[in-house]
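Just below is one structure, and these are the notes that go with it.
Each chain gets a letter, A, B and so on, in the order its sequence line appears, and its residues count up from 1.
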Protein chains: 2
Amino acid sequence: MQTTAKPMPTNATADTIASALSQAIHEHRLAPGTKLGEDDLSDIYGVSRTIVRTALQSLAHQQIIEIKRNRGAFVAQPSLAEAHEVFEARELLEPRTARSAALNATPDDVALLNDHITQEHAAMDTGDRGRALFLSGQFHIEIARIAQQKTIADMINVLIARSSLIIALYWRRESALCESQAHHALIKAIGDNDGARAEELMQSHLVDLHSALNLNELPAVEHDLRAMLLGDGKR
Amino acid sequence: MQTTAKPMPTNATADTIASALSQAIHEHRLAPGTKLGEDDLSDIYGVSRTIVRTALQSLAHQQIIEIKRNRGAFVAQPSLAEAHEVFEARELLEPRTARSAALNATPDDVALLNDHITQEHAAMDTGDRGRALFLSGQFHIEIARIAQQKTIADMINVLIARSSLIIALYWRRESALCESQAHHALIKAIGDNDGARAEELMQSHLVDLHSALNLNELPAVEHDLRAMLLGDGKR
DNA sequence: GCGCACAATATTGTATACAATGTTATGGCA
DNA sequence: TGCCATAACATTGTATACAATATTGTGCGC
C-alpha cells in the first residue's frame with residue numbers, strides 16, 4: 001500500500017519550517033547534500049512554495065543549506081577548511097562567553113542546564129544519537145543565552161548548526177561522543193560562578209571537539225524527505 | 001516640474017538591491033527607522049515585489065533592517081543594549097583576527113589597505129562623511145579578509161553594518177572621527193607582520209569607538225527613498 | 001470642537017500562473 | 001552498442017492576482 005499526499009497540519013509558517021528543517025539537520029536525519037525540493041516541502045507542510053522559499057532563504061543565510069541558482073537547495077556540505085574556520089570562530093567566542101555565563105548564572109539557569117544534561121543522557125540511553133547531538137548543541141546555546149549576549153548567542157547558534165554538519169561529515173567514530181563529562185564540569189564551574197574555570201573548560205572542550213575531526217569526506221545520501229521530516233512510522 | 005516614475009536600469013537582482021540598501025545605510029543616507037516600502041523599492045529598482053522581498057529578508061537576517069509583520073520593513077534602530085553587545089562581540093573577534101591578518105599579510109594586502117586609507121582621506125576632504133564612514137568600515141572587513149577567515153569575516157561584516165547604525169544613533173559629535181590615525185598604526189603593525197601589536201592596536205581602537213557612544217537616542221527621520229538610493233541630481 | 005465607530009485606502013502576506021533553466025528520456029546514426 | 005542531438009519533463013525564478021491586515025480618512029453624536 002502506497003501512502004500518498006496527506007497535506008499535513010498545514011498553517012505552518014516559514015519559521016516553523018525553518019526550525020523543523022534546522023532540527024532535522026541537527027539530529028542528522030537530513031544528511032549533508034540532501035536536496036530540499038520546493039515542491040516536496042510545500043507538499044509536506046501544506047503551504048505554497050512562497051513560504052518554503054522564505055524558510056530556505058533563512059537557512060541559507062545561516063549557511064546550513066546552500067541554494068544553487070536554478071538547481072535548488074541542498075543541505076550544506078562544509079569543506080574541511082570551513083570546518084576548521086567554524087571551530088576557530090567558536091574558540092574565539094565561546095570561552096569568554098562561558099566566563100560571562102558563569103558570572104551571570106542564577107540557580108535557575110544552573111537547574112536548566114542540568115535539565116539539558118539529563119535529557120541528553122536519556123536520549124543517549126534510548127540510542128537516539130541524533131537527539132543527543134542536538135541537545136548537546138542546545139547546551140552551548142543555552143550558555144550563550146545565560147551570558148545575556150544575544151548578539152553573540154545568535155552567532156554561536158549559527159556556528160553550532162554548522163558544527164552539526166561538520167560532525168556529520170568529519171567525525172571520527174573512534175572518539176566516542178564524551179561530551180557529557182565536559183558539560184558536567186562546565187555546569188559545575190558555572191554553578192560556582194567560577195568564570196575563569198568556565199572559560200578554561202570551554203576552551204579545552206572546544207579544542208577536544210576540533211581535534212576529533214577527520215580528514216576524509218563522506219558521501220552525501222538521498223533520503224525520503226517526508227519520512228525524515230515528519231518521522232511518522234508509516235511504511 | 002515633477003519627476004515621475006522612470007523604472008530604473010531594471011534587471012536588478014536581489015543581491016544588487018540588498019547591496020545598494022546596505023551601502024546606503026552604511027553611508028547614513030538612510031536613517032534608522034526609515035520605512036522601506038515594498039512598492040516603493042520595486043518601483044525604484046524596476047523589479048517585482050518578489051525580488052524586493054528577497055533582498056529585504058536578507059538584510060533582516062543581518063539585523064540591518066527590521067521586518068514587522070503586516071507593517072513592513074524599517075531600517076533598524078539598535079537599542080543601547082544592542083549597541084554595547086555589538087561592540088563587545090567585535091572586541092572578541094577583531095583583535096585576534098587582526099593578529100592573524102598581520103601574520104598572513106602580503107605586501108599586496110598592505111598596499112590594498114593603504115589604498116583604502118587614501119580613499120578614506122579623499123572622502124573626508126570632499127566632506128563626504130558618509131562615504132568616509134563606509135570606507136572605514138570596509139577597512140575592518142578587509143583585515144578580516146586578509147586573515148583568511150571567511151566565517152569570521154562574515155560575522156564581522158554584519159557587526160560592522162550594525163555598528164554603522166549604532167554610530168548614526170549614538171555617536172557623540174564631540175569626539176571627532178579620528179579613525180585614520182588608528183588605522184594608520186594598524187597598517188604599520190600589519191605591514192611589519194607584528195601580530196601582537198596589531199591585536200593590541202585593534203583592541204584599543206575598538207575600546208575607543210565603544211567608549212565614544214552616547215546615551216540619548218536620536219529620533220528617526222523620513223526620507224525621499226528615490227533620491228537617497230539613486231542619488232541622481234534631479235530636482 | 002472632540003472622540004469614537006466605521007468605511008475607504010494602502011500595504012503586506014500568500015498563492016498561483018507563467019517563464020526560464022536544468023535534467024532526463026528518446027531516437028537516430030555511426 | 002555507444003554517442004550525440006533533441007525533445008519531453010521537472011524544477012526553480014519571477015511576476016502578478018487576490019486575501020488579510022494595518023492605516024488613514026470621514027462623518028456622526030455629543
- [ ] Report yes if at least one side-chain N or O of R71(A) is closer than 4.0 Å to OP1 or OP2 of dT23(C); otherwise report no.
- [x] yes
Task: Rounded interatomic separation in angstrom, taking NZ from K68(A) and C1' from dA10(D) - done: 18 Å
Open item on the list: Closest approach to the side chain of N70(B), judged atom by atom: which nucleotide of dA22(D), dA15(D), dT14(C) is it?
Closed with: dA22(D)
Task: L112(B) side, atom CG; I143(B) side, atom CD1 - distance, nearest 0.5 Å - done: 11.5 Å
Open item on the list: Checking R90(B) against H140(B): is there a side-chain donor and acceptor pair closer than 3.5 Å?
Closed with: yes
Task: Side chain of D39(B) - closest among dG22(C), dT12(C), dA15(C) - done: dT12(C)
Open item on the list: ring-ring contact (aromatic ring centres under 6.0 Å, His included), that's the test. Do H116(A) and H183(A) meet it? Break it down for me.
Closed with: CA-CA 10 Å; H116(A) 254 285; H183(A) 286 186; 9.3 Å; no
TODO: Starting at atom CG of L41(A), determine the distance to atom P of dT11(D), rounded to an integer number of angstrom.
DONE: 12 Å
Open item on the list: Check K150(A) with E82(B), please: is the shortest side-chain N to carboxylate O separation under 4.0 Å?
Closed with: no
- [ ] Nearest whole angstrom, please: distance from the P of dT21(C) to the CD1 of I67(A).
- [x] 18 Å
- [ ] Measure the CD1-CG distance between I141(A) and L135(A) for me, rounded to the nearest 0.5 Å.
- [x] 10.5 Å
Open item on the list: What is the distance, to the nearest angstrom, from the CD atom on Q57(A) to the C1' atom on dT14(C)?
Closed with: 14 Å
Task: K35(A), nearest nucleotide to its side chain (from dT12(D), dT14(C), dG22(C)) - done: dT12(D)
TODO: Check every atom of dT14(D), dG22(C), dT12(D) against the side chain of E38(A) and return the nucleotide holding the closest atom.
DONE: dT12(D)
TODO: Find the distance E66(A):CD to dT12(D):C1' and express it as a whole number of Å.
DONE: 15 Å
Task: Spacing between D40(B) atom CG and dT11(C) atom P, to the nearest angstrom - done: 7 Å
Open item on the list: When you measure from the side-chain N and O atoms of T50(B) to the phosphate of dT14(D), is any distance below 4.0 Å, counting only OP1 and OP2?
Closed with: no
Open item on the list: Nearest to the side chain of R69(A), heavy atoms from C-beta on, is which of dT14(D), dT12(C), dA15(D)?
Closed with: dT14(D)
Open item on the list: Whole angstroms only, please: what is the CZ-C1' distance between R49(B) and dT16(C)?
Closed with: 14 Å
